Trainee: 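Sharing a structure with you now.
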2 protein chains.
Amino acid sequence: MQFHLQTPSLGERERMKKISESTIRRLSRYYRSLESLVEQNIETVSSDKLAEMDGITSAQVRKDLSFFGTFGKRGLGYNSNTLKKQIGEILGLGKTWKVGIMGAGNIGRALVNYAEFRKQGFDVTLIMDANPAVIGTQIAHLTVQDSRHTGKLIKEHDIEIGIVAVPKENAQQAADALIEAGIRAILNFAPVSIKAPPNVQIKSENTTIEIEALSYFLANS
Amino acid sequence: MQFHLQTPSLGERERMKKISESTIRRLSRYYRSLESLVEQNIETVSSDKLAEMDGITSAQVRKDLSFFGTFGKRGLGYNSNTLKKQIGEILGLGKTWKVGIMGAGNIGRALVNYAEFRKQGFDVTLIMDANPAVIGTQIAHLTVQDSRHTGKLIKEHDIEIGIVAVPKENAQQAADALIEAGIRAILNFAPVSIKAPPNVQIKSENTTIEIEALSYFLANS
DNA sequence: GTGTGTGAAGGGTTTCACAGCA
DNA sequence: TGCTGTGAAACCCTTCACACAC
């Protein structure tokens with residue numbers, strides 16, 4: 001892949017200065033913007049345009065990209081489709097990731113049907129719950145499995161990313177079961193922070209925090 | 001309220017150095033941790049303990065609080081219940097905020113029933129959709145309203161916080177309708193960035209970004 | 001001329017370390 | 001003694017500004 005000629009390899013990148021969390025998140029945004037440009041058949045894009053689409057500065061866009069290689073043509077800009085693929089590669093979207101969900105409540109069920117996931121290569125192939133009344137029921141193409149067998153199920157389904165979608169009281173326990181089963185990347189929807197060893201990556205989606213930030217804004221302006 | 005004696009008033013705070021987004025988000029986390037301590041009848045807490053619960057440093061906790069006043073007793077720590085109330089006050093949780101949802105799909109429906117919202121004083125009293133097949137149907141205690149009447153509905157229900165839970169193609173348009181109706185705080189669940197005038201605050205919940213950050217981590221380690 | 005890539009400057013946030021008070 | 005509150009230092013991230021390539 002031509003891409004690899006201009007981009008540092010994984011090994012090199014590991015030796016390099018650590019890439020910041022915010023850069024990664026913006027990359028994900030650029031990716032989405034580029035997707036939309038490609039759909040509209042817009043072949044070329046400048047850092048200025050990309051910045052405007054995401055409400056940031058063009059210098060930020062160029063700096064973010066510069067950590068991973070040089071992707072543009074001076075005086076011209078970037079090829080939308082090529083840049084999209086290159087960012088996709090950086091983000092690890094080149095492969096399909098197998099995703100397993102812990103908790104078949106509102107959130108768990110919604111995520112099984114979340115079209116954006118499959119579109120980006122996240123394949124939900126397992127959903128588990130502890131409630132006997134829920135185990136065995138069908139959610140789209142999946143049958144809810146018994147979370148007492150987490151270890152076995154995770155291995156059988158080759159799950160690489162775990163999602164915690166259980167009530168906050170059980171969140172740590174659910175995460176522990178996933179980690180125990182070898183999962184090293186967890187997306188947590190419960191409104192508590194989860195403890196994990198440093199080799200396990202946890203990201204949280206916490207609606208309460210977002211809406212309280214809005215509350216703060218409204219209360220203080 | 002005794003609290004106001006030691007804490008800068010809104011007016012004072014406005015004149016002060018702007019509080020960072022991350023500080024606000026951490027405040028929201030401390031609030032949740034304190035809630036749990038209060039439930040366990042733990043009366044006193046140190047910045048160290050609070051930090052440990054949230055996986056950060058104690059200096060960070062003390063610094064965050066110091067922007068708003070002095071809440072602790074040297075050599076002792078903080079009173080859990082008092083600090084909880086004080087942070088709640090800062091975050092504007094002293095009042096009930098009326099919330100309106102745009103979009104009665106999976107996410108919209110899940111949010112109507114989200115217990116954590118009501119618990120923190122966010123009261124969902126309106127849900128709207130554009131689809132005639134959905135308008136008029138019941139979701140818990142709410143009847144789905146016609147989004148063509150957004151302006152009127154928002155005013156009738158005194159909505160202060162809007163939630164965008166429509167497909168990404170319609171997200172900007174949905175936000176525009178809310179802003180047009182006078183909404184100044186929007187929580188966006190669509191995976192696109194929304195443009196708004198500077199006096200309107202937008203927070204986004206973007207699951208795709210979080211899971212792609214996990215993908216990056218797995219692909220690069 | 002146009003827009004990228006990037007060192008250097010600037011700004012902001014976190015961590016340090018300790019004075020001060022219970 | 002123990003833990004808070006906080007200036008100062010360290011660190012990190014963003015913005016600037018311009019050489020350079022197309």
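Just so you know, these numbers come straight off a predicted model, no measurement behind them. So that the names make sense, note that chain A is the first sequence line, chain B the second, and so on, each numbered from 1.
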Trainee: Before accepting this row, confirm whether a basic side-chain N of the pair B:E89/B:K85 lies closer than 4.0 Å to the acidic partner's carboxylate O.
Mentor: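 Salt bridge between B:E89 and B:K85, a charged N being under 4.0 Å from a carboxylate O: no.
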Trainee: If you only use heavy atoms from C-beta on, which nucleotide in C:dT13, D:dG7, D:dT14 is closest to the side chain of B:K63?
Mentor: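 Nearest to the side-chain atoms of B:K63, counting from C-beta on, is D:dG7.
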Trainee: May I have the distance from B:L65 (atom CG) to C:dT13 (atom C1'), rounded to whole angstrom?
Mentor: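 Rounded to the whole Å, the gap is 16 Å.
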Trainee: Look at the side-chain N and O atoms of B:T57 and state whether any lies under 4.0 Å from the OP1 or OP2 oxygen of C:dT15.
Mentor: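 B:T57 to C:dT15 OP1/OP2: side-chain N or O found under 4.0 Å.
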Trainee: Quick check on D:dC13: is either OP1 or OP2 less than 4.0 Å from any side-chain nitrogen or oxygen of A:Q60?
Mentor: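 Answer is no, no contact under 4.0 Å.
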Trainee: Nearest to the side chain of B:R74, heavy atoms from C-beta on, is which of D:dC3, C:dT13, D:dT14?
Mentor: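 Given the options D:dC3, C:dT13, D:dT14, the side chain of B:R74 is closest to D:dC3.
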Trainee: Using atom CZ of B:R26 as one end and atom P of C:dT13 as the other, report the distance to the nearest whole Å.
Mentor: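 Interatomic distance, CZ of B:R26 to P of C:dT13: 9 Å.
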Trainee: Is there side-chain contact between A:D123 and A:W97, with heavy atoms separated by less than 4.5 Å?
Mentor: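 No, side chains not in contact.
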Trainee: Rounded to whole angstroms, how far apart are CG on A:D48 and P on C:dT4?
Mentor: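 Whole-Å distance recorded here is 7 Å.
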Trainee: Would you mind reading off the distance between B:K49 atom NZ and D:dT4 atom C1', rounded to a whole angstrom?
Mentor: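 In whole Å, D:dT4 C1' lies 18 Å from B:K49 NZ.
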Trainee: Using a distance-only test with no angle check, is there a side-chain donor-acceptor pair under 3.5 angstrom linking B:E205 and A:T207?
Mentor: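 B:E205 vs A:T207: donor-acceptor pair found between side chains.
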Trainee: Could you tell me whether A:K155 and A:E160 make a salt bridge, using a distance below 4.0 angstrom between a side-chain N and a carboxylate O?
Mentor: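 Salt bridge: no.
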Trainee: Is there, by distance only and without an angle test, a donor paired with an acceptor across the side chain of A:R62 and the base of C:dG5 below 3.5 Å?
Mentor: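 Such a pair is found, so the answer is yes.
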Trainee: Would you mind reading off the distance between A:F71 atom CZ and D:dC22 atom P, rounded to a whole angstrom?
Mentor: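 My rounded result for the distance is 16 Å.
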Trainee: Among D:dC13, D:dG5, D:dC16, which nucleotide has an atom closest to any side-chain atom of A:A59?
Mentor: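 Per side-chain heavy atoms of A:A59, the pick is D:dC16.
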Trainee: Establish, with yes or no, whether the OP1 or OP2 oxygen of C:dG12 is under 4.0 angstrom from a side-chain nitrogen or oxygen of B:S20.
Mentor: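 For C:dG12, OP1/OP2 do not have a side-chain N/O of B:S20 under 4.0 Å.
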Trainee: Taking OP1 and OP2 of D:dT4, is either one under 4.0 Å from a side-chain nitrogen or oxygen of B:S47?
Mentor: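 For D:dT4, OP1/OP2 do have a side-chain N/O of B:S47 under 4.0 Å.
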Trainee: A:S46 side chain: which of D:dG7, C:dT4, C:dA19 is closest?
Mentor: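 Selected nucleotide: C:dT4.
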Trainee: Assign each of A:I56 and B:V45 to its nearest nucleotide of DNA chain D by heavy atoms, then name whichever residue's nucleotide is nearer the 5' end.
Mentor: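 Comparing both residues, the 5'-ward one is B:V45.
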Trainee: Round to a whole Å and report the spacing from CZ of A:F67 to P of C:dT4.
Mentor: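 The distance from CZ of A:F67 to P of C:dT4 comes to 17 Å, rounded to the nearest Å.
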Trainee: Just N and O in the side chain of A:Y78: are any of them under 4.0 Å from OP1 or OP2 of D:dC22?
Mentor: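 No, outside the criterion.
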Trainee: Under a 4.0 Å N-O cut-off, is there an ion pair linking A:D64 with A:R26?
Mentor: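 Answer for the salt bridge query: yes.
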Trainee: Take the protein atom CD of B:E21 and the nucleotide atom C1' of D:dC13, then report the distance between them rounded to whole Å.
Mentor: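 Taking atom C1' of D:dC13 as the reference, CD of B:E21 is at 16 Å.
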Trainee: Report the distance from atom CG of B:L83 to atom C1' of D:dG5, rounded to the nearest whole Å.
Mentor: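 Nearest whole value for this atom pair: 14 Å.
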